[in-house]
Asker: 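Take a look at this one; I'll ask things after.
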Protein chains: 2
Amino acid sequence: MQERHDGRLQPRHAGTGSNGKNGACLQRLQPRETLFIDGERAHSVFRVRSGLVMTYRLLSDGRRQIHSFARTGDFLTLGTGDLYTVSAEAITESSVEVFRRGKLDNILREDSVFGRQLIQRLTHELSVAREQAAMLGRKSAMERIASFLVFLDRRGDRTPDELIAIPMTRNDIADYLGLTLETVSRMIHRLKALGLIDLPRPDRFRVLCPPELAEAAGEGLWQPRLDSDQGEPDWEFH
Amino acid sequence: MQERHDGRLQPRHAGTGSNGKNGACLQRLQPRETLFIDGERAHSVFRVRSGLVMTYRLLSDGRRQIHSFARTGDFLTLGTGDLYTVSAEAITESSVEVFRRGKLDNILREDSVFGRQLIQRLTHELSVAREQAAMLGRKSAMERIASFLVFLDRRGDRTPDELIAIPMTRNDIADYLGLTLETVSRMIHRLKALGLIDLPRPDRFRVLCPPELAEAAGEGLWQPRLDSDQGEPDWEFH
DNA sequence: CGGCTAGTTGAGCTAGATCAACATTCGTGG
DNA sequence: CCACGAATGTTGATCTAGCTCAACTAGCCG
């Protein structure tokens, strides 16, 4: 049993922020600040404006499974359940748009285009969630790490020097991939030793051999989570 | 690496069946018959009328992750992607309603109630998929088996003698829980030895100690997949 | 009966977890 | 500026849950 994601920074609940455009509220988050919690009444829908926010669930004894790392443009909650089914916490300093849920039903009733786009997104989320299940259920540690790096690489958050940032901790990666932080560290360094990646600092890397890394990732599955890059027109709450 | 779900019964593609009510087609499936395959163009939506059908994905080397066991009333596909993102195969002799996808967009455009119900279902599916991810990523073999038996128990397919049927093979269970069939067998028998369940035959069991079994399941998470029991009114294609 | 499939059980083996140092970065205060 | 401590990351040594391999059993069907 493990329970290593400590609460060193007291996960205080984020307060309400200033008003943004769109009638929607904009909320700022410090690193490790909690936005909402699994089981709470779902009063709002959130979209990331800047930074990186993760969603996760906890087992009763504190084991954690991270479900997604959401970037600018990604939604943190979708769908129409009464309660949140995951918790959300900022990884870096972030800001999120907040849309009150009250409006949602009305919008859905009136705007069928909006509804169809929501269905599209949910469909995609579901596919991504199953991708992750296949990875957690059937891939080796090495394949998971390679998959994860391919995923980061394809997302393409490149720093000026052509490197890819790794903004989350080893612990976060471990809880996303169903491993321990030690194993995450070891496997990353094994890929480096194999010459498939460059790792000048712990939180920066570059893929040296895309095809071989993809090969190591187990392939066949794992369509990366490109969410916001779907080319699909942005949709807004009115 | 493992690849134990053999193709002993050649997974021939199911042919088109007879016409049912509703304008929809009804299709019969033999055990181990494949209904559709991951990556195929998604021309239809399916709902189980009788029997048990599973959905799954394969990694390129044949490792399998089963995502759901769908009973009467459950949908096999939801959402509006162009391609199926899972494969589906009958476990027992089954029949499924087939709704051509062509109609779907029109229905969604015209019937906002239908669209909202679809969103509800997708939302629930997504929550279930994340439940499974948490299990695969963070639960022990024992907890997974206990969770699975609790899930079967709560679904409540009781035989006349108050036993619960286990219609899928050990191999199927293993590929659902991310384990091997041997481990599945061992853990089930350990639960029996502990007196938490009765297992008069390999494919029949009874929960003797619901609270202790739930305890062994790791609790806290794992809301069972009650899909069809939501009390929510059935929705039909017109 | 004999062959086939599913299930059980035992005996190792190993990938990954656990435990334990140690290294590095970073922020804080003197 | 440096010293110090806290947080994060790396690495080694060991342990073990679950996998692998293998034998055996129990139904089932022709």
Side-chain angles (χ1 to χ4, degrees), chain A residues 1-11 30-32 61 63-64 91-93 135-146 165-175 177-193 197 199-205 216 218, chain B residues 1-10 30-32 61 63-64 91-92 135-146 148 165-193 197 199-205 216 218:
Chain A
M1 308 301 133
Q2 41 123 262
E3 195 226 352
R4 297 255 197 105
H5 54 96
D6 42 49
R8 84 208 70 98
L9 197 152
Q10 203 52 247
Q30 292 305 307
R32 299 293 149 184
D61 63 355
R63 281 173 287 176
R64 183 176 64 158
I91 289 179
T92 64
E93 188 176 338
M135 186 170 67
L136 294 171
R138 285 303 180 216
K139 283 193 181 182
S140 70
M142 196 64 200
E143 289 172 319
R144 294 180 207 195
I145 294 295
I166 309 177
M168 61 290 283
T169 67
R170 298 291 187 262
N171 197 1
D172 292 336
I173 298 172
D175 284 348
L177 298 177
L179 302 169
T180 60
L181 60 145
E182 294 94 334
T183 298
V184 168
S185 183
R186 276 186 245 277
M187 294 301 159
I188 289 177
H189 282 263
R190 189 175 301 176
L191 284 174
K192 183 183 180 183
I197 62 168
L199 187 80
R201 316 172 6 181
D203 62 343
R204 294 278 137 93
F205 79 105
Chain B
M1 310 303 134
Q2 40 123 264
E3 195 228 351
R4 297 260 195 101
H5 54 97
D6 41 51
R8 81 205 76 94
L9 198 153
Q10 201 52 246
Q30 293 304 308
R32 298 293 149 183
D61 63 354
R63 281 172 287 174
R64 183 176 64 160
I91 289 179
T92 63
M135 185 171 66
L136 294 172
R138 287 303 180 215
K139 283 192 180 181
S140 70
M142 195 66 197
E143 289 171 319
R144 295 180 206 196
I145 294 295
F148 184 68
I166 308 177
M168 62 290 283
T169 67
R170 297 290 187 263
N171 196 1
D172 292 335
I173 298 172
D175 283 348
Y176 181 64
L177 298 177
L179 301 170
T180 60
L181 57 134
E182 294 93 334
T183 298
V184 169
S185 183
R186 276 185 246 275
M187 294 300 160
I188 289 178
H189 283 262
R190 189 176 300 176
L191 284 174
K192 183 184 181 183
I197 62 167
L199 186 81
R201 315 173 5 181
D203 63 343
R204 294 279 136 93
F205 80 104

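Within every chain, numbering begins at 1; the chains are lettered A, B, ... in the order of the sequence lines, protein sequences first and strands thereafter. Below, all heavy atoms of this structure are taken into account, side chains as well, without hydrogens, waters or symmetry copies.
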Asker: Should A:Arg138 and B:Asp61 count as an ion pair when the cut-off is N to O under 4.0 Å?
Answerer: no
Asker: Starting at atom CE of B:Met187, determine the distance to atom C1' of D:dC19, rounded to an integer number of angstrom.
Answerer: 11 Å
Asker: Can you give me the closest heavy-atom contact between B:Val184 and B:Ile173, atom names plus distance?
Answerer: CG1-CG2, 3.8 Å
Asker: What is the separation between atom CD1 on B:Ile91 and atom C1' on C:dA6, rounded to the nearest whole Å?
Answerer: 15 Å
Asker: In whole Å, I'd like the distance from the CG atom of B:Leu179 to the C1' atom of D:dT20.
Answerer: 14 Å
Asker: Figure out the CE/P separation between B:Met142 and D:dC19, and round it to whole Å.
Answerer: 14 Å
Asker: To the nearest 0.5 Å, how far apart are CZ in A:Arg32 and OG1 in A:Thr169?
Answerer: 5.0 Å
Asker: Between A:Arg144 and B:Asp203, which has a closest nucleotide on DNA chain C that is more 5'?
Answerer: B:Asp203
Asker: Would you work out how much the helix from C:dC1-D:dG30 to C:dG30-D:dC1 bends between its ends, with each end axis defined by five base pairs, to 10 degrees?
Answerer: 30°
Asker: In Å and rounded to the nearest 0.5 Å, what is the OG to CD1 distance from B:Ser185 to B:Ile145?
Answerer: 9.0 Å
Asker: Could you tell me how far apart B:Arg138 (CZ) and D:dA17 (C1') are, to the nearest whole angstrom?
Answerer: 15 Å
Asker: Within this structure, what is the NZ-CZ distance for the pair A:Lys139 and A:Arg144, rounded to the nearest 0.5 Å?
Answerer: 9.5 Å
Asker: Measuring from atom CZ of B:Arg201 to atom CG of B:Leu199, what distance do you get when rounded to the nearest 0.5 angstrom?
Answerer: 10.0 Å
Asker: Treat primed atoms plus P, OP1 and OP2 as sugar-phosphate and everything else as base, then score nucleotides 8-15 of chain C 5' to 3': B for base contact with protein heavy atoms under 4.0 Å, S for sugar-phosphate contact only, - for none.
Answerer: SBBB----
Asker: About how many Å separate CE of B:Met187 and CZ of B:Arg170, when rounded to the nearest 0.5 Å?
Answerer: 13.5 Å
Asker: Keeping B:Arg64 on the side-chain end and B:Asp175 on the backbone end, is there a donor-acceptor pair under 3.5 Å?
Answerer: no
Asker: Could you tell me how far apart B:Glu143 (CD) and D:dG18 (P) are, to the nearest whole angstrom?
Answerer: 9 Å
Asker: Taking CZ from A:Arg190 and C1' from D:dT11, how many angstroms apart are they, rounded to a whole number?
Answerer: 13 Å
Asker: Expressed in angstrom and rounded to an integer, what is the separation of A:Leu177 atom CG from C:dG16 atom P?
Answerer: 12 Å
Asker: Can you tell me how far the CZ atom of A:Phe205 sits from the NZ atom of A:Lys192, to the nearest 0.5 Å?
Answerer: 13.0 Å
Asker: Just compare D:dC19, C:dA6, C:dA17 and give me whichever is closest to any side-chain atom of B:Thr180.
Answerer: D:dC19
